[in-house]
Amino acid sequence: MAHEILSVKLWELDEQFSRLSSRIHLSQAASRPQLQQQIQALRRECQETEQTLRARLQRSRGELAPILAAAYEAGARSARQAKAALNRQILASGSPETGAEEKILLAEYALDFALQGANQALLLALEAIDAQFTGQEGDNQTT
């Protein structure tokens with residue numbers, strides 16, 4: 001069962017990363033109004049996804065759900081604080097070039113963090129599969 005669930009999640013992640021890559025490449029050729037429309041659409045999409053995730057965590061009967069929800073909220077809060085600090089720094093600098101460079105740096109690190117998060121998710125998935133094997137071995141030894 002774990003293999004099927006994890007395979008579906010991996011497929012979803014792969015689709016999202018492909019979509020992310022495509023969006024970045026397409027945005028480089030877009031006009032400013034097109035880019036601003038894409039930004040607004042993605043903001044709405046992110047809000048909807050965030051609401052869905054929060055709702056799923058609240059409905060979950062798993063014992064770890066409250067811990068996961070708290071961790072997610074802490075991460076989201078940290079990201080909002082970092083973005084607000086960046087915006088304050090950009091305003092204080094008064095330089096559009098500096099602002100663009102800082103936003104590129106933020107985006108670069110956000111992508112690094114996403115990759116690290118994906119690697120951590122992979123590690124958790126492998127550990128879950130290993131635990132399933134351990135459980136199966138225990139079942140086989142008792143029969």
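When every heavy atom of G62 is checked against every heavy atom of P66, the shortest pair comes out as O-CD, 3.9 Å.
One N or O on the side chain of S22 and one on the backbone of S18 form a donor-acceptor pair closer than 3.5 Å.
Annotation for L122: hydrophobic cluster partners, listed by chain and number, are L126 (ILVMFWY side-chain heavy atoms under 4.5 Å, direct or chained). Here L106 sits in one hydrophobic cluster together with L86, I90; the rule is ILVMFWY side chains under 4.5 Å apart, joined directly or through other members. Alongside L105, the hydrophobic cluster contains Y109, F113 (criterion: ILVMFWY side chains under 4.5 Å).
In this view, I67 and L64 satisfy the side chain to side chain contact (heavy atoms under 4.5 Å, CB included) rule, not counting sequence neighbours. Partners of E15 according to the side chain to side chain contact (heavy atoms under 4.5 Å, CB included) rule, which considers only residues two or more places apart in sequence or in another chain, are W11. Listed by chain and residue number, nothing satisfies the side chain to side chain contact (heavy atoms under 4.5 Å, CB included) test with Q47 (two or more places apart in sequence, or in another chain). Evaluation of the side chain to side chain donor-acceptor pair (under 3.5 Å) rule for Q34 yields S31 as partners, not counting sequence neighbours. Scanning for side chain to side chain contact (heavy atoms under 4.5 Å, CB included) contacts around L91 gives an empty result, with sequence neighbours left out.
Listed by first then second residue, pairs satisfying salt bridge (charged side-chain N to carboxylate O under 4.0 Å, His left out) with a partner in residues 54-75 read E50-R54, R54-E73, not counting sequence neighbours. The salt bridge (charged side-chain N to carboxylate O under 4.0 Å, His left out) contacts involving residues 99-108 comprise nothing, where partners must be two or more places apart or lie in separate chains. Residue pairs meeting the salt bridge (charged side-chain N to carboxylate O under 4.0 Å, His left out) criterion with at least one member in residues 77-92: none, sequence neighbours excluded.
Q120 CD to L115 CG: the interatomic distance, rounded to the nearest 0.5 Å, is 10.5 Å. A distance of 5.0 Å separates OH of Y72 from CG of L53, quoted to the nearest 0.5 Å. Put simply, CZ on R19 and CD on Q16 are 5.5 Å apart, with the number rounded to the nearest 0.5 Å. T134 OG1 to E127 CD: the interatomic distance, rounded to the nearest 0.5 Å, is 11.0 Å. Expressed to the nearest 0.5 Å, how far CG of L13 lies from CG of L20 amounts to 10.5 Å. Separating the CG atom in L111 from the OG atom in S21 is a distance of 10.0 Å, to the nearest 0.5 Å.
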Begin with the C-alpha distance, continue with both residues' side-chain angles, and end with the deciding distance and a verdict on side-chain contact (heavy atoms from CB on, under 4.5 Å) for V8 and E12. CA-CA 6 Å; V8 168; E12 289 174 0; 3.8 Å; yes

Listing, residues 23-30 side-chain donor-acceptor contacts under 3.5 Å, not counting sequence neighbours, or none:
residue	atom	partner	partner atom	Å
R23	NH2	E45	OE1	3.0
S27	OG	R23	O	3.3
S27	OG	I24	O	2.7

